[in-house]
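Nothing fancy with the numbering, it's 1 onward along the sequence.
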Amino acid sequence: MSSYDQAVAATLTQIALAYDGAFVGMTLAIAAIKTILKYRSSSSALARIRRAPSVSISGLRSLVPSSPDENSSAIDENLVIVRGQVQPKSAVDGKWMGFRDKVLVSEETGERAVIVQRTQTCLYNEWRGLIWLTYDLRTLFGRHRKKHQSTSLRMVPFVLTTRETEPESDCVIVNLNGSNHPLPLTTIYNQMHPVQASAFTFLQAVFGHGYPVGLLDEQKILPVGQEVTAVGICRSQDGVLEIKSSKEIPYFLSEMTKDQMEVELAVNIKTLLWSGVVLGMLSFGILGYSLLRNWARWKQWRHRRQHVQEQQSVLPENSGEDEAGDVPDGELCVICLMTRRRSAFVPCGHLVCCPRCALSVERDLHPKCPVCRQAIRTSLRIYAS
């Protein structure tokens with residue numbers, strides 16, 4: 001491990017152990033609170049998914065009213081689970097000639113899709129350039145590759161149907177506006193292209209911290225005809241069914257069925273529950289230990305301060321023996337450099353301060369000897385006769 005890594009590790013250790021682990025305890029407490037909040041949201045999502053009806057696309061008409069005035073169901077509150085095949089919207093409304101509604105075609109494989117996501121990742125072999133000349137084993141043999149990604153996403157309006165050719169009345173439009181949920185995309189193309197070295201690459205390697213070594217090209221699609229499950233709020237606008245994601249539910253479009261979603265959420269809930277309990281107990285124990293230690297330390301400091309004040313009250317204001325005069329330089333106080341050394345610190349025993357400077361050192365919250373930096377408990381007045 002290099003000296004830089006050792007310094008960073010030492011600094012992080014000091015921060016973590018500051019005030020007898022109070023920083024670590026607070027960090028664990030925050031993590032426990034976040035875990036419990038996530039547990040509550042996951043439990044609420046699981047309860048809503050269990051209550052949500054799993055219906056066919058044709059059965060949505062009986063659950064969703066045709067106008068907002070009807071009270072047969074709460075449009076903004078009811079969650080539905082629908083499973084169907086992905087088809088472009090132009091396939092059911094006869095707008096194959098519309099430019100915006102055409103189906104997308106993959107350039108690499110020629111497959112038809114409604115969503116195409118292409119990601120290009122430039123991999124950099126990161127290291128320290130020749131100018132710095134601070135190599136160590138991790139730098140020479142453990143070089144990690146840094147990534148720079150660029151993602152492009154194309155999509156066309158699409159619907160869920162029960163068959164490839166379905167009338168408009170038996171389909172539901174998928175609305176992705178405002179949805180941050182993961183999409184069930186399938187990887188159809190993944191290839192690494194090596195980057196040819198050039199003069200600019202050589203300059204990057206010599207004067208910079210890394211140089212490009214490869215370009216990873218990846219393409220994912222949501223193919224036409226794939227069967228997916230949609231979990232969201234379904235509405236009817238002008239007789240057309242539309243489903244939109246719910247922010248409280250971690251799923252929107254997924255390849256899993258309702259039962260598989262419930263099993264996955266149940267496992268996540270148990271993991272979050274026990275993680276929150278363990279983190280909470282650890283944070284409670286560490287914070288309790290830190291509180292007791294700092295309370296005892298504060299009481300010792302207060303007692304020491306009272307003792308110092310009592311000693312200072314009986315300390316004579318002037319002492320001819322301690323006044324500056326013909327005192328040799330080697331016997332002057334290392335703090336004020338004016339009076340003779342008369343007080344020795346306990347337990348280190350260094351006789352380096354005058355009585356007043358020794359008392360000022362004892363008043364500190366963490367008193368330490370000015371010579372050896374060892375923690376001191378008190379000081380003793382030393383008399384020559």
Side-chain angles (χ1 to χ4, degrees), residues 41-96 101 103 112-115 155-186 221-266:
S41 63
S42 299
S43 300
S44 176
L46 177 59
R48 292 190 62 187
I49 289 179
R50 285 176 175 173
R51 293 195 305 265
S54 181
V55 297
S56 61
I57 296 177
S58 58
L60 285 176
R61 296 287 175 180
S62 60
L63 294 178
V64 182
S66 58
S67 64
D69 297 334
E70 298 184 17
N71 296 323
S72 59
S73 64
I75 303 176
D76 294 331
E77 297 180 0
N78 281 356
L79 194 73
V80 296
I81 300 177
V82 183
R83 190 167 182 86
Q85 291 184 356
V86 175
Q87 292 294 331
K89 187 174 180 293
S90 56
V92 297
D93 58 11
K95 295 181 180 179
W96 286 99
D101 294 339
V103 66
R112 300 165 59 226
V114 294
I115 297 178
M155 63 178 64
V156 296
F158 64 98
V159 299
L160 295 182
T161 63
T162 54
R163 294 187 300 272
E164 293 186 0
T165 57
E166 195 72 22
E168 183 183 359
S169 59
D170 286 338
C171 70
V172 56
I173 300 176
V174 178
N175 188 350
L176 292 177
N177 294 333
S179 174
N180 294 324
H181 296 76
L183 298 173
L185 302 180
T186 303
I221 66 171
L222 181 61
V224 173
Q226 180 174 345
E227 195 166 342
V228 298
T229 302
V231 183
I233 307 299
C234 192
R235 298 182 177 88
S236 177
Q237 297 181 354
D238 299 329
V240 179
L241 294 177
E242 181 182 83
I243 191 169
K244 191 174 183 180
S245 64
S246 175
K247 295 181 179 180
E248 291 78 14
I249 306 298
Y251 305 105
F252 180 35
L253 297 180
S254 175
E255 296 179 351
M256 295 186 295
T257 61
K258 178 181 178 180
D259 294 337
Q260 293 173 338
M261 293 179 187
E262 292 180 1
V263 171
E264 185 178 78
L265 274 178

Quick one: side chain to side chain contact (heavy atoms under 4.5 Å, CB included) partners of Ser245, sequence neighbours excluded?
Ser179, His181, Phe252

So, taking the atom named [atom1] in [X] and the one named [atom2] in [Y], what distance separates them when rounded to the nearest 0.5 Å?
{"X": "Leu183", "Y": "Leu222", "atom1": "CG", "atom2": "CG", "value": "7.0 Å"}
{"X": "Cys234", "Y": "Leu241", "atom1": "SG", "atom2": "CG", "value": "5.0 Å"}
{"X": "Leu46", "Y": "Glu264", "atom1": "CG", "atom2": "CD", "value": "11.0 Å"}
{"X": "Thr257", "Y": "Glu227", "atom1": "OG1", "atom2": "CD", "value": "10.5 Å"}
{"X": "Arg51", "Y": "Ile81", "atom1": "CZ", "atom2": "CD1", "value": "11.5 Å"}
{"X": "Ser254", "Y": "Arg83", "atom1": "OG", "atom2": "CZ", "value": "8.0 Å"}

Answer whether the closest heavy-atom distance between the side chains of [X] and [Y] falls below 4.5 Å.
{"X": "Val114", "Y": "Pro157", "value": "no"}
{"X": "Ile243", "Y": "Ile233", "value": "no"}
{"X": "Leu253", "Y": "Leu176", "value": "yes"}
{"X": "Thr229", "Y": "Val82", "value": "no"}
{"X": "Leu265", "Y": "Tyr251", "value": "yes"}
{"X": "Pro223", "Y": "Arg112", "value": "no"}
{"X": "Val156", "Y": "Val103", "value": "no"}

Considering all heavy atoms, the nearest [X]-[Y] contact:
{"X": "Leu79", "Y": "Ala52", "value": "O-CB, 3.2 Å"}
{"X": "Gly84", "Y": "Leu160", "value": "O-CD2, 4.1 Å"}
{"X": "Ile49", "Y": "Lys258", "value": "O-CE, 3.1 Å"}
{"X": "Ile57", "Y": "Thr162", "value": "CD1-N, 3.9 Å"}
{"X": "Met256", "Y": "Gln260", "value": "CA-OE1, 3.1 Å"}
{"X": "Pro88", "Y": "Val159", "value": "O-CG2, 4.3 Å"}

Applying salt bridge (Lys or Arg N to Asp or Glu O under 4.0 Å) as the test, list every pair that has at least one member in residues 239-257; sequence neighbours left out.
Arg48-Glu248

Run the side-chain contact (heavy atoms from CB on, under 4.5 Å) check on Ile115 and Phe158 step by step: do they pass?
CA-CA 9 Å; Ile115 297 178; Phe158 64 98; 4.0 Å; yes

